[in-house]
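Heads up, the thing below is written out as structure tokens.
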Amino acid sequence: MYKYVIKGGNPLVGEVEIGGAKNAALAIVTAAIMTDETVLLENIPDVSDTNVLLEAISVIGATVERIDRHTARINGSTIGSVSVDYEFIKKIRASYYLLGALLGKYKHAEVPLPGGCNIGSRPIDQHLKGFRALGATVDINYGMIMAEAEHLHGAHIYLDMVSVGATINIMMAAALAEGSTIIENAAKEPHVVDVANFLNAMGANIKGAGTDVIRIKGVKKLHKVQYTIVPDMIEAGTFMCAAAATKGDVLIKDIIPKHLEAISAKLAEIGCDVIEFDDAIRVSAKKRLGKTHVKTLPYPGFPTDMQPQIGATLALARGTSIVTESIFENRFKYCDELARMGANIKVEGNSAIIDGVESLKGARISAPDLRAGAALVIAGMSAEGITIVDDIVYILRGYERFAEKLRGLGADIQQVSEEKEIQKFRLQVS
Ligand code: UD1
């Protein structure tokens, strides 16, 4: 099993380039099979989640040609099956996008119920409600979701809660339905907008993405396109917190600063210098940071996917911070691990009460999920001594060359697979 071994204490200094957004890529790779023409996708992050999905679409027959690490040519005309194998799907939650894409194109999809990070109960009732409103019959048999329709037709759909996945999934199916669809209470996340832009570039007619009302006029078919995936705001935000927590000075490049405003504002509030450029942000921290309160909300609020990283940062800040999670109920598993490093954190209901300590101590800890894992790496880099983060398979799902990028900023971090490599690392850094 892979792990990171980290010697903490180095402030992160330098420049880092951010890759394409994992969550946009997962939807866009899937949407690419909705045309029979060839789609060229650029800026696909080379992380295990997108790689598993590329493999899944090739297993149902799509032609996937990897041109380089971040570019792929996808052709959906060769798809021979609308039934997706559980082996691929259990690993990634975004497999549910295959439902919207296959249902839109073939009016028939069979996809196992998704897996993914265990951060709480993650129902997909709103996705299914949307498909039914578009005229599909949806049944669940032995863990398999079967969606089928003679014709998909436009509908007026009001989402009960703001859901990124449901918004994108309904948008994909409705793009090839007959007539007009309106999605109300839609998610406004940058990756929702990116998927709408991608579908429009393929010939769809989608208006209003980025607001809470999305209007879709169905078209008969979609066509080829060359498209570049938007930068990953969560990878960028993670490096921003890493710069803050280690009292470093990092220029985070190839990003859209507007997408990061909630994070920039919080870091500025606790005492970081945050400077925005056209496509970069510089975050530096010269002194011990201060407390704040954070509540996760749908975009443009503070992202739930950044909650553990800001929590780890606040574990070292002066004063008492309260971090409230309002999207997923099980996102505080990292707090127990931080406590093992000396953090003073108490979780009550959906809030973590964090009494900042002056220093954390290295420990052997385990990544409970993707973003919590990244938060523990931040803690390890800010702590005294050696930290070993086990189960980094979660982190590799969403961060490309994470250790390498952090080393480029001066961190002492190695990805290892065997215990004896940990000893070697200890000798090297001592
Ligand atoms: C996506 C992101 C994930 C991020 C989340 C919130 C991907 C692959 N994943 O997940 O990283 O943390 O958005 O920004 O893009 N809900 C329902 N019924 C539904 C759908 C959602 O009750 O049918 C609830 C969920 O349990 C959750 C909330 O709505 O409490 C938001 O979930 P949603 O936005 O759908 O998250 P995902 O799309 O799964």
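Remember, it's 1-based here, ligands and their atoms both numbered in the order they're listed. Counting begins at 1 with the first residue of the sequence. Note that this is a predicted model, so its numbers are computed, not measured.
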Problem - Residue part near ligand 1, for F328, under 4.0 Å between non-hydrogen atoms - result: side chain
Problem - Ligand-side contact atoms (ligand 1) for residue partner S163, heavy atom cut-off under 4.0 Å - result: 20 (C), 21 (C), 33 (P), 34 (O), 35 (O)
Problem - L370 heavy atom under 4.0 Å from ligand 1 - result: no
Exercise for the section: State whether a side-chain donor-acceptor pair under 3.5 Å links R397 with N51. Expected result: no
Practice task
Answer yes if the side chains of T71 and E42 hold a donor-acceptor pair under 3.5 Å, and no otherwise.
Solution key: no
Exercise for the section: Return the option from Q307, Q126, K129, E329 holding the heavy atom at the smallest distance from atom 23 (O) of ligand 1. Expected result: Q126
Practice task
Consider every N or O of A94 and every N or O of ligand 1, then say whether any pair is closer than 3.5 Å.
Solution key: no
Handout entry: ligand 1 contact by Y96, heavy-atom criterion under 4.0 angstrom
Key = yes
Problem - Residue-ligand contact A166/ligand 1, heavy atom below 4.0 Å - result: no
Practice task
Would you mind listing which atoms of ligand 1 come within a distance below 4.0 Å of any non-hydrogen atom of G165?
Solution key: 35 (O), 38 (O)
Practice task
Give me the ring orientation class for F402 and F239: parallel if the planes are under 30° apart, tilted from 30 to 60°, perpendicular past 60°.
Solution key: perpendicular
Practice task
Would you please say whether a donor-acceptor pair under 3.5 Å links the side chains of T292 and K266?
Solution key: yes
Practice task
Please determine, by modelled atom types, if D160 and Q126 share a side-chain donor-acceptor pair under 3.5 angstrom.
Solution key: yes
Problem - Numbered atoms and elements of ligand 1 in range of R331, under 4.0 angstrom, heavy atoms - result: 12 (O)
Problem - side chain to side chain contact (heavy atoms under 4.5 Å, CB included) assessment of R69 paired with E400 - result: CA-CA 11 Å; R69 191 168 191 161; E400 182 177 328; 3.5 Å; yes
Exercise for the section: Check step by step if side-chain hydrogen bond (donor to acceptor under 3.5 Å, both in side chains) holds for H70 and N43. Expected result: CA-CA 5 Å; H70 299 128; N43 211 25; 5.6 Å; no
Handout entry: Structural part of V162 in contact with ligand 1, heavy atom criterion under 4.0 angstrom
Key = backbone
Handout entry: Numbered atoms and elements of ligand 1 in range of D125, under 4.0 angstrom, heavy atoms
Key = 17 (C), 18 (N), 19 (C), 22 (O), 23 (O)
Fill in the blank from the handout: The atoms of ligand 1 lying under 4.0 Å from a heavy atom of T304, numbered in the order shown, are 6 (C), 12 (O), 14 (O)
Practice task
Return a yes/no value for N23: is any of its N or O atoms, backbone included, closer than 3.5 angstrom to an N or O of ligand 1?
Solution key: yes
Practice task
Give the numbers and elements of all ligand 1 atoms closer than 4.0 Å to a heavy atom of D305.
Solution key: 3 (C), 4 (C), 11 (O), 12 (O)
Problem - Salt bridge K105-D36, side-chain N to carboxylate O under 4.0 Å - result: yes
Problem - Salt-bridge contact E348-K346 (side-chain N to carboxylate O under 4.0 Å) - result: yes
